[in-house]
Amino acid sequence: MGERGIVPRKVKGFRDIDPVTSRLRRRLIEAATEVYRRYGFEHWDTPVLEYADALGKYLPDTDTADEGVYSFRNPEMEPVLDGRGQEVRDDANNVVMTHHVLAMRYDLTAPLARRYAEELWARDDIRSQQPSSPKPPLFRRYQYGPVFRFEAKLDPGRYREFQQLDFDTVGSTDVAVDAEACCVLSDALEATGLGRGTYEVRVNDRKLHKGLFERVGIADETKARDVLRVIDKYDKIGPSGVAAELQGGRIDPGSGAEVPGLGLPSGAASLVIDYVESCLGVEGRENVLARLESRLADTPSGREGLDEMRRIHALLAGLGYGDDRVVFDPSVARGLAYYTGPVFEAVSKLEVREPSGAVRRFGAICGGGRYDGLVERLLGLRVPATGASIGVDRLAELIARTSAAEAEARGPVLVVVMDPSRMADYQRIAAELRAAGIATEVWYGPQPKMKAQMTYADRKRCPVVVIAGGDEFAKDTVSIKDLLRGKELAGEIADRAEWLRRQPSQVEVARAAMVETVRSILAGGNA
RNA sequence: GCCGCCGUAGCUCAGCCUGGUAGAGCACCUGACUGUGGAUCAGGGUGUCAUCGGUUCAAAUCCGAUCGGCGGUUCCA
């Protein structure tokens, strides 16, 4: 053995997708996008690469080293543009060129903003910073595809490349759109196979949080964000943990890690905890609203948030979306620097058991909300938008783990090669089956031994094998073996010789009847 | 990123404390079987003991660093 060459290895955080997962993924995307389409969203795609500054405007936490985008310098030189889109020139009046930084998209919303802003940019009134029309055009689209995030820590079910399935409405401030987004999520999840009652769409409004801070007297945004972060951990660390982190800090008993406190006065801390606990275990959107009413109605932002929630509730109720599908949960705190109004997420209530026996909770499988600052940072123009995204990979994993049917994926039909000199005949058999819409593969492996071919078919979960040797060709027949039926009957095998003589899962039929016979086996009937 | 635990065959793991160059179950491979996967029987160990370095006559075993996994913490547009 000499040099081994380059060691083949996959990039960490990225995945190879096997045929079963791939098929499931595509099925989910088809089912969900069909729902999106029914609501009037149209399909737009955008490139995987964007100029980093177009994305970067939405990187609220670029200072944290943990996360980031994959980026690199464009190999091609392009002109540098100023804020009005004019080429920058040097003293000699030459156009200044540079290798711009390109980045892989980390979600589908930032590219949407770019796409939308680019449309507006073409309008003279917008470019001159003096919009003649204060009303941005309405735009509804869905999009799916891979997004890329550099994450320092890779939890199970968390990757650096993953699929998102987005739908967004740009150009409307009406919370009716937010209510509709909840319906879309619910419909889409059910279309992919989640049973009613196994999931819930949780809704909150960032304005409620804002109201809480007004009440408690927290004006600083960073501080507010810190408080929300602590609230979000309530189910993990409990009321005493939350109280400690809001005030003096605590030491995590699990890891011994020191968690610094936020230094809130104890009165403020108990107001915050009261807010979180006020709705714990409260069933029904009406009841949640009533609890919040008594706590936040006297703050300007809280009042606003409550009005929005109330309207969303009325719209949902009018459409028949009850508490079995959409709930109000004031602890939901997504995308702190990003969302401006209603926020939603969808979670599965099913438990998944790891091979190790541990129960694993799936995180949110969908997330979304209103982000009225979308285009503002690109064009200085405030454009309302709301939308949500399904995490396709998480949903796929959830369904794969909780649905037995999905695990039983089938391979193609295999045409066994008994006599390599009759390859043309085998390929003709395969062509006939394919013409009937049946996925079919001819054995091209090295040894023509039948046992090896059967083992191959078994591994590949082939449902049917077509066998034709000298006997069959002489009689113009084929032997058709039902591997799934054979598997069922395999338990009865006591004497192999006897078993082979009877071949209970195999039939010999006239060549003309082959397609029909295979079709009926695939349809579930036994030949 | 920080703290803790872990890293031996394809998988689940034993061996490590008390150094003497590896073992179990399952899986896998071969054959009984010249035209039949799953039964049965008979064979087969398929491994740079994560990597690199240190201590030692001798390291899977002791020490250090690195990489990888898991849990927590941070974070999640």
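In what follows, chains carry the letters A, B, and so on, assigned in the order in which the sequence lines appear, proteins first and then strands, with residues in each chain numbered from 1.
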Spacing of the P atoms in B:rA58 and B:rG19 (rounded, Å) | 15 Å
Whole-Å P distance, B:rU18 and B:rG53 | 27 Å
Nearest-angstrom distance from the residue atom CD of A:Gln164 to C1' of B:rA77 = 9 Å
pair_partner(B:rA65), Watson-Crick or wobble, both distances < 3.5 Å, evaluates to B:rU51
Is A:Glu472 touching bases, backbone alone, or none of the nucleic acid, heavy atoms closer than 4.0 Å?
-> base
Using the P atom in both, what is the distance from B:rU36 to B:rU30, to the nearest Å?
-> 15 Å
How would you label the contact of A:Ser505 with the nucleic acid (heavy atoms, under 4.0 Å): base, sugar-phosphate, or nothing?
-> base
Sidechain N-carboxylate O distance under 4.0 Å for A:Glu508, A:Lys475 | yes
Between C1' of B:rU34 and NZ of A:Lys449, the distance in whole Å = 10 Å
Mind listing the closest non-hydrogen atom pair of A:Ile365 and A:Leu398 along with its distance?
-> CD1-CD2, 4.2 Å
Across all strands shown, which nucleotide pairs with B:rC70 by Watson-Crick or G-U wobble geometry, both distances under 3.5 Å?
-> B:rG4
In whole angstroms, the gap separating P of B:rA77 from CZ of A:Arg225 amounts to 11 Å
Do any side-chain nitrogens or oxygens of A:Arg394 fall under 4.0 Å of OP1 or OP2 in B:rC76?
-> no
Is it true that A:Arg370 and A:Asp178 have a side-chain N and a carboxylate O under 4.0 angstrom from each other?
-> yes
When you measure from the centre of the six-membered ring of A:Phe148, is the NZ or CZ of A:Arg105 under 6.0 Å away and within 45° of the axis?
-> no
Along RNA chain B (nearest heavy atom to each residue), the more 5'-positioned of A:Met418 and A:Leu489 | A:Met418
Using whole Å, report how far CZ of A:Arg496 lies from P of B:rG31.
-> 12 Å
Expressed in whole Å, how much space separates the P atoms belonging to B:rC28 and B:rG10?
-> 14 Å
Please determine if a side-chain N or O atom of A:Lys451 lies less than 4.0 Å away from the OP1 or OP2 oxygen of B:rG37.
-> yes
For nucleotides B:rU55 and B:rA59, find the distance between their C1' atoms and express it as a whole number of Å.
-> 10 Å
Quick one: label A:Lys481 by what it contacts on the DNA or RNA (base, sugar-phosphate, nothing), any heavy atom closer than 4.0 Å.
-> base
Does the pair A:Glu498/A:Arg496 count as a salt bridge with the N-to-O cut at 4.0 Å?
-> no
Could you check whether A:Gln503 gets within reach of a base, just the sugar-phosphate, or nothing at all, counting any heavy atom under 4.0 Å?
-> base
Atom P, compared across B:rU66 and B:rC5: separation rounded to whole Å | 15 Å
How would you label the contact of A:Leu483 with the nucleic acid (heavy atoms, under 4.0 Å): base, sugar-phosphate, or nothing?
-> base
What is the distance, rounded to the nearest whole Å, between atom OH of A:Tyr106 and atom P of B:rC76?
-> 13 Å
Nucleotide opposite B:rG43 in a Watson-Crick or G-U pair, distances under 3.5 Å | B:rC29
Ranking A:Asp471 and A:Asp107 by the position along RNA chain B of their nearest nucleotide, the one closer to 5' is A:Asp471
Does the cation-pi check pass for A:Arg140 over A:Phe41, that is, NZ or CZ under 6.0 Å from the six-membered ring centre and within 45° of its axis?
-> yes
Report the distance from atom CZ of A:Arg501 to atom P of B:rA39, rounded to the nearest whole Å.
-> 20 Å
Rounding to a whole Å, what distance do you find between A:Met450:CE and B:rU34:P?
-> 12 Å
Rounded to whole angstrom units, what separation is found between the CG atom of A:Asp419 and the C1' atom of B:rU34?
-> 15 Å
Looking at A:Val442 and A:Tyr426, what are the two nearest heavy atoms and their distance?
-> CG2-O, 4.0 Å
Are any of A:Arg149's side-chain N or O atoms less than 4.0 Å away from OP1 or OP2 of B:rA77?
-> no
